[in-house]
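Worth saying up front: this structure is predicted, and the values here are computed from it rather than measured.
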Amino acid sequence: MIQVRRGHERYPGGDAEAGIESLHAFSFGPHFDPDNLRFGALIACNEERLAPGAGFDEHPHRDTEIVTWVVEGELTHRDSAGHETTVRPGDLQRLSSAGGVRHVERNDGARPLRFVQMWLAPREFGGEPSYEVVRGIADGTPYAVPRAGALLHLRRLAEGERTAVPDAARAYVQVVRGAVRAGAECLEAGDAARITDGAGVELRGLTAAECLVWEMGEEPAYG
């Protein structure tokens with residue numbers, strides 16, 4: 001089964017006066033939707049746009065796997081574990097907040113910043129926070145988030161190119177750029193497909209496109 005969520009259906013957030021624009025794919029903050037709390041391990045998929053000099057001041061996270069994909073611009077990350085990093089397009093960042101961590105996310109560059117940030121629920125709580133940046137991750141290379149029992153696949157498709165969606169209990173496709181066909185559904189930038197038991201589903205580039213594809217098992221019992 002394929003359920004499509006259109007980009008224009010996302011919940012708006014952020015603070016326009018502070019140069020922050022947010023679009024939330026799942027129930028978030030004041031936009032409480034009991035029918036849209038999560039999909040598999042995924043509990044948030046936010047598109048963030050930060051003007052130069054804008055950002056999120058230090059704030060806490062706990063028991064969340066936070067994966068960030070920078071689309072345009074440069075993201076400055078600082079956290080209470082001592083990491084300070086600039087994340088650029090093509091880099092994948094993961095912050096495992098585990099038993100608790102605080103971090104800052106800012107656009108310290110001269111150009112607008114756009115990134116997609118995805119939060120996943122871990123299968124076990126607590127532990128020590130960890131942090132990683134993979135520079136220039138290659139197309140098609142799976143990135144494992146073992147605490148959440150999930151794999152992320154980056155797919156860059158040329159027009160007409162095809163790729164299989166992983167045969168998994170749940171797969172989530174977020175279109176970052178361009179347009180693709182997922183099964184019989186056409187998806188454009190900002191759209192997402194939530195696929196349940198979707199063996200044999202293909203993505204086909206309708207234009208040059210970039211997609212983030214999550215491969216996940218069933219939700220844990222507490223989900």
Side-chain angles (χ1 to χ4, degrees), residues 10-34 36-89 91-135 143 145-148 150 152 172 174 176 190 192 212 214 222-223:
R10 293 174 294 182
Y11 312 114
D15 182 344
E17 292 187 0
I20 301 172
E21 179 186 349
S22 303
L23 294 170
H24 305 290
F26 292 87
S27 179
F28 203 96
H31 300 287
F32 178 69
D33 182 351
N36 190 27
L37 298 177
R38 65 187 294 166
F39 181 75
L42 197 61
I43 56 176
C45 183
N46 305 332
E47 182 180 338
E48 307 286 359
R49 296 174 183 260
L50 304 183
F56 300 100
D57 293 333
E58 187 174 88
H59 56 282
H61 287 280
R62 184 183 181 92
D63 292 320
T64 309
E65 301 295 299
I66 303 170
V67 178
T68 303
W69 177 253
V70 175
V71 182
E72 300 168 348
E74 296 183 346
L75 171 66
T76 297
H77 165 95
R78 293 190 296 274
D79 65 44
S80 56
H83 303 105
E84 183 167 353
T85 312
T86 300
V87 188
R88 299 179 176 86
D91 298 342
L92 186 72
Q93 174 184 261
R94 178 189 57 82
L95 175 64
S96 177
S97 62
V101 71
R102 302 180 67 86
H103 74 152
V104 174
E105 296 168 298
R106 296 195 56 79
N107 179 6
D108 289 334
R111 298 186 295 122
L113 165 65
R114 178 162 70 102
F115 61 94
V116 178
Q117 188 168 93
M118 299 151 284
W119 299 3
L120 296 95
R123 293 184 175 275
E124 296 182 0
F125 296 147
E128 291 297 318
S130 62
Y131 178 78
E132 180 180 36
V133 174
V134 180
R135 301 291 187 187
Y143 179 81
V145 184
R147 286 179 60 88
L152 177 61
Y172 185 92
Q174 179 72 38
V176 178
L212 300 171
W214 282 103
Y222 59 77

- Message: So, taking the atom named CG in Asn107 and the one named CG in Leu75, what distance separates them when rounded to the nearest 0.5 Å?
- Response: 8.0 Å
- Which atom of Ala41 lies closest to which atom of Ala148, heavy atoms considered: CB-O, 3.7 Å
- Query: Looking at Pro129 and Gly100, what are the two nearest heavy atoms and their distance?
  - Reply: CG-O, 3.3 Å
- Message: Between Tyr172 and Met118, is the side-chain contact (heavy atoms from CB on, under 4.5 Å) condition met? List the steps.
- Response: CA-CA 11 Å; Tyr172 185 92; Met118 299 151 284; over 6 Å; no
- Check: Asp63 side chain, Gly126 main-chain N or O, donor-acceptor pair, under 3.5 Å: yes
- Item | With Ser80 via side-chain contact (heavy atoms from CB on, under 4.5 Å) - residues at least two apart | Val101, Arg102
- Taking every non-hydrogen atom, the tightest pair across Ala18 and Ala54: O-CB, 3.2 Å
- Query: side-chain contact (heavy atoms from CB on, under 4.5 Å) with Ser22: which residues, sequence neighbours excluded?
  - Reply: Ile20, His24, Glu48, Phe56
- Can you find a pair of side-chain heavy atoms, one from Pro12 and one from His31, that are under 4.5 Å apart? yes
- Query: How long is the span from the CD atom in Glu74 to the CG atom in Asp91, to the nearest 0.5 Å?
  - Reply: 9.5 Å
- Is a side-chain donor or acceptor of Asn36 paired with a backbone partner of Ala25 at a separation under 3.5 angstrom? yes
- Do the side chain of Ser27 and the main chain of Leu37 share a donor and acceptor less than 3.5 angstrom apart? no
- Task: Evaluate the side-chain proximity of Leu95 to His77: yes if any heavy-atom separation is below 4.5 Å, no if none is.
- Result: yes
- Item | Atom pair CD/CD of Gln174 and Glu47 - distance to nearest 0.5 Å | 7.5 Å
- Query: Do the side chains of Arg78 and Glu58 get nearer than 4.5 Å, heavy atoms only?
  - Reply: no
- Message: One pair to check against side-chain contact (heavy atoms from CB on, under 4.5 Å): Arg88 and Val70. What are the steps and the verdict?
- Response: CA-CA 6 Å; Arg88 299 179 176 86; Val70 175; 5.6 Å; no
- Would a 4.5 Å heavy-atom cut-off, applied to side chains only, mark Leu50 and Arg106 as touching? no
- Taking His61 for the side chain and His59 for the main chain, is one N or O donor matched with an acceptor at less than 3.5 Å? no
- Check whether any side-chain N or O of Asp108 sits under 3.5 Å from a backbone N or O of Thr76 as a donor-acceptor pair, and report yes or no. no
- Criterion side chain to side chain donor-acceptor pair (under 3.5 Å) against Ser96, the qualifying member of Glu65, Glu132, Glu128: Glu65
- Query: Just how far is it from atom CD of Glu72 to atom CZ of Phe115, taken to the nearest 0.5 Å?
  - Reply: 12.5 Å
- Least distance between heavy atoms, Pro52 atom then Gly109 atom: CB-O, 3.5 Å
- Query: To the nearest 0.5 Å, what is the distance between CZ (Arg10) and CG (Leu23)?
  - Reply: 4.5 Å
- Message: With ring pair (Phe, Tyr, Trp, His ring centres under 6.0 Å) as the test, pick out the partner of Trp119 among Phe28, Phe39, Phe26.
- Response: Phe28
- Message: A side-chain contact here means heavy atoms from C-beta on lying under 4.5 Å apart; do Trp69 and Leu152 qualify?
- Response: no
- Roughly how far apart are Arg94 CZ and Arg147 CZ, rounded to 0.5 Å? 9.0 Å
